[in-house]
Protein chains: 2
Amino acid sequence: MAAVALGRREQNKLDKRARIIAAARDLFTRKGFEGTTSQEIADAAGVAGGTVFTYARTKDDLLILVFHDEMLDVVERAYVDAQDASQLLDQVIAFFGTLVAYHERDLPLARTLMRQLGYVGASEQRALVRELMRGLLGRLAFLLDAAQAKGGVAAATPLMPAARSLFAIYYFHLGGLLSGYLDRPRFDRALRTDLGLFLRGLA
Amino acid sequence: MAAVALGRREQNKLDKRARIIAAARDLFTRKGFEGTTSQEIADAAGVAGGTVFTYARTKDDLLILVFHDEMLDVVERAYVDAQDASQLLDQVIAFFGTLVAYHERDLPLARTLMRQLGYVGASEQRALVRELMRGLLGRLAFLLDAAQAKGGVAAATPLMPAARSLFAIYYFHLGGLLSGYLDRPRFDRALRTDLGLFLRGLA
DNA sequence: CAATAAAAATGAGCGCACTCATTTTCTGAA
DNA sequence: TTCAGAAAATGAGTGCGCTCATTTTTATTG
């Protein structure tokens, strides 16, 4: 197997990387992003202060490393949840509802995370975000495809643009929710209104 | 007039505030946001270092103060530009094109600004962003209203949700452009595709 | 098993955003 | 005019993200 093929050097790097990410996840969720210092992460991971920055160029990058895998899972779960509904609109709302529920476990952290996701610097992190977006838009496109087969969506509708627009509408309102412009009931109402308007146009 | 009614204290505050904002604008555009230190702004404005932070709670807040007025103007200009086109889709694309042109004068700064606008902390700044959004969505709603009168948009279409969704689609792609996921031609194509899809649904 | 080179880790140090105890400026009452 | 109290400005200080010259660890070669 691949692990055996790794030398001590590679193995140590993987271990250290995993320890740093685990320590960061733990501290971020317990003390918040701003409330956690890079030194604390280093201490918890058992490395020197500078070492953290050989695995993540900035503290912000660390945030993405930490939540990337977790969010991939959430997207998958959202897709499964969505299929409980029968109408496309309800499916899409269930899909985004799962994402929001995830964010609501820790709103300040979600705020920091979304802010960071929207404007990534390092190209390594961009690849992670791209992967995440591809997965997310792909799931939405699946839902649209199924609805198209059942006649709820016009046959000529291009699926990726439609999926992108659905997400764009969600993303816009999510920003409002996380920034405090919208409370949850208003968010739900606005999201349903706007997604409904869009999907009616596709029928 | 109002100016006369102000005491020395109020007048000084206004002067200082204006000097700080002007100095910040100048330095941000010449040296970039990260390239400018709060001390440089203070020096250029002729105040002590700490004084800057009595007018803006953070350096990020300063960014919003600096560009708020400017962006209101750009939105107004975008609205005027939009009316040169005859089709609604072209109007909306011209509208957003003006905004993009503004951002393209300084992409790194635009990136920082958009990132900040999306997730504002202080409530004073939130009021500014709200004002900006209201102006922007209002203009889009005007365009939709005019198109509705000419029959290009279904009579039953709720205008604010439609305007919000148009902006959401633009905002999503703008993030891609500013973060380097999209170059300008791809951005233009994606925007036209997605806005077109949405507007066709309103017809 | 050296000897050498390359990679990785280290931690003291730096720059900058932001704070806060102190000082200065202003106002309105006596 | 004087003066007390409030508001605002000040700038030295603090903490933290991040850097980088140095040290330590690992791989390679003879």
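Numbered from 1 within each chain, the chains take letters A, B, ... in sequence-line order. Side chains included, hydrogens not; waters and symmetry mates left out as well; all remaining heavy atoms used.
Ring to ring, Phe167(B) and Phe172(A) are close: their centroids are under 6.0 angstrom apart.
Within residues 24-37 of chain A, no residue places a heavy atom under 4.0 Å from DNA chain C.
Over its length, the helix from dC1(C)-dG30(D) to dA30(C)-dT1(D) turns its helix axis by 0°, as judged from the five terminal pairs at each end, rounded to 10°.
Ser165(B) approaches Asp194(A) most closely through the heavy-atom pair OG-CB, 3.7 Å.
Side-chain contact annotation: Gln125(A) with Arg57(A), donor-acceptor N/O pair under 3.5 Å absent.
A nucleotide of DNA chain D counts as in contact with chain A when one of its atoms lies under 4.0 Å from a heavy atom; the first and last such, 5' to 3', are dC16(D) to dA27(D).
Here the C1' atom of nucleotide dC16(C) and the NZ atom of Lys59(B) are 8 Å apart, to the nearest Å. For the pair Gln39(B) CD and dA17(C) P, the interatomic distance rounds to 9 Å; values are reported in whole Å.
Within the structure, ring pair (Phe, Tyr, Trp, His ring centres under 6.0 Å) pairs that include any residue of residues 115-138 of chain B do not occur (at least two apart or interchain).
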Give each protein N/O atom lying under 3.5 Å from an N/O atom of nucleotides 25-30 of chain C, with the pair distance.
from    : atom 1 : to       : atom 2 : distance (Å)
dT25(C) : O2     : Arg9(B)  : NH2    : 3.4
dC26(C) : OP1    : Asn12(B) : ND2    : 3.1
dT27(C) : OP1    : Arg8(B)  : N      : 2.9
dT27(C) : OP1    : Arg9(B)  : N      : 3.0

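Comparing Phe53(A) and Thr51(B) by the nucleotide of DNA chain D that holds the closest heavy atom to each, the one mapping nearer the 5' end is Thr51(B).
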Ignoring hydrogens and angles, write down the donor-acceptor pairs under 3.5 Å from the side chains of residues 83-93 of chain B, residues two or more places apart or on other chains.
from     : atom 1 : to        : atom 2 : distance (Å)
Gln83(B) : NE2    : Tyr79(B)  : OH     : 3.2
Asp90(B) : OD1    : Arg192(B) : NH2    : 3.3
Gln91(B) : NE2    : Ala85(B)  : O      : 3.1

